[in-house]
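These notes are about the structure you will find just below.
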There are 2 protein chains.
Amino acid sequence: MTTPAAAHKARRLAEREKRIVAAARALAEEQGWEAVTTRRLSDAIGYSQPVLYSHFPEGRSQIVTAVALDGMVELAGAMVATTAPDRARPGAECVRALVTSYLDFADRHPATYEAMFRLPIGVPFASADTPRPLRDAFEAIVAALRGLDRPPADLETAAEVLWGAVHGVATLERAARFSPGNQERRVAELVRHFVD
Amino acid sequence: MTTPAAAHKARRLAEREKRIVAAARALAEEQGWEAVTTRRLSDAIGYSQPVLYSHFPEGRSQIVTAVALDGMVELAGAMVATTAPDRARPGAECVRALVTSYLDFADRHPATYEAMFRLPIGVPFASADTPRPLRDAFEAIVAALRGLDRPPADLETAAEVLWGAVHGVATLERAARFSPGNQERRVAELVRHFVD
DNA sequence: CTACGTTTTCTAGCATTGCTAGATTTTTGC
DNA sequence: GCAAAAATCTAGCAATGCTAGAAAACGTAG
């Protein structure tokens, strides 16, 4: 039952849905999440508010979630690319690159990153129904740790702690809780502790 | 010009201000910050909304800040008590106790903790105009690290990173991003990385 | 005790928010 | 070309943070 007309319509709908998510993300990055209102979003895509709800029945929160999922795909992509076997690095360098790419993402897309972790999705990194990209990112950390000269005994726990540590540093950096301009030294210190 | 009547009035005002902050904190811990509305707060203290603004001219955000400041005093108190010289511990145990008391606070007062770090107060831990309790807590971490067998070269940076790591673990734990029930193992892993 | 002036408090309302029911327009299928 | 169906819009609700102006309570002087 996929007539050309129906296919065309489906494509237009998917297109519009992407525009909604893109508009939400752009607005959030430019003016913060509190500026992402349903009225502004509907203005941005040139439709009225109820159209948003035809795409996202749960409303605003579901749109934020969509942005978060996009962000997870990007972050996981960056992290997996960092640990790709073709650019083989010694174990410690691999961990460092991973941490750097993570912090880089959080720094360049603060609102998106905020959505990814403020959300109470309540799903562990390594569970069965974890969003695929999140799980990929977690596995990238596990792989990097496994490549160390002296890998930790409990890889999963170590990966969770490393993720937590990097996440905390990213958060406090963003909140300007750290002394300004010492980010590189902090990264070095953080990596030093985990590659030991 | 401190007549008894004026003093009494000042005391009553201070009392009411405390009730506002306490009500906000209780409501946030019970139902989350989105449930902390000016109407509910004024109901809780038995006055109308404008009374809130006579105490906190900047409105709701200033009340949240007051809760955050209270939390910082408590957290700093717990951390400083942990590192008190009377209960002298070996360096590593001191760091472990510090981390544990920190995570314990975040776990028992999640909404208060959220206010403390979601706020864009934009003040570093170790700056001149940092809230006193935050600075005390930071110094407690520095002191604990200094007491290690092999203290890190750059104490301030190491303390920032340790704070960030613990903060990240606290946040992800709260967001249920970690595998359930392994908190103790994570704490052990975290401490292990920072004490040697 | 009264009457006035000050201070405190409340009532009522504004603009904005997320969201939705019902009317209206557009598209579809024959 | 026309009726059924789908898509979209208009208009509105309840709740939010916040505030101006009315009302009440208070303090002080006579």
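Note on naming: letters A, B, ... go to the chains in the order of the sequence lines (proteins, then strands), and numbering restarts at 1 for each one.
A ring-centre distance under 6.0 Å is not found for B/Y47 and B/H55.
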task: Please report the C-alpha distance between B/E156 and A/S179 in whole Å, then the side-chain angles of each, then the deciding distance to 0.1 Å, and finally whether the side chain to side chain donor-acceptor pair (under 3.5 Å) criterion is met.
output: CA-CA 9 Å; B/E156 303 249 319; A/S179 57; over 6 Å; no
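Going from atom CD of A/E15 over to atom P of D/dA7 covers 17 Å, rounded to whole Å. At whole-Å resolution of the value, OH in A/Y47 and P in C/dT26 are 12 Å apart. Following rounding to the nearest Å, B/Q62 (CD) and D/dG17 (C1') show an atom-to-atom distance of 14 Å. In this structure, CG of A/L52 is placed 14 Å from P of D/dT10, rounded to the nearest angstrom. For B/H55 and D/dG17, the NE2 to C1' distance is 18 Å, given to the nearest whole Å. Put simply, CG on B/L27 is 11 Å from P on D/dG17, counting in whole angstrom units. Atom pair B/L13:CG and D/dA25:C1' shows a separation of 14 Å (rounding to whole Å applied).
Hydrophobic clustering of Ile, Leu, Val, Met, Phe, Trp and Tyr side chains at less than 4.5 Å, counting indirect connections, unites B/I20 with B/W33.
Taken from OG1 in B/T65 to CE in B/M72, the straight-line distance is 8.5 Å, to the nearest 0.5 Å.
In this pair, A/F117 and A/F125 present their aromatic rings perpendicular. The plane angle is above 60°, beyond the 30 to 60° band.
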- request: Do nucleotides 13-23 of chain C as a string where each nucleotide becomes B, S or -: B if the base has a protein heavy atom under 4.0 Å, S if just the sugar-phosphate does, - if no protein is that close.
  value: B---BBBBB--
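For the salt bridge (charged side-chain N to carboxylate O under 4.0 Å, His left out) test, no residue two or more places apart in sequence or in another chain qualifies with B/E29.
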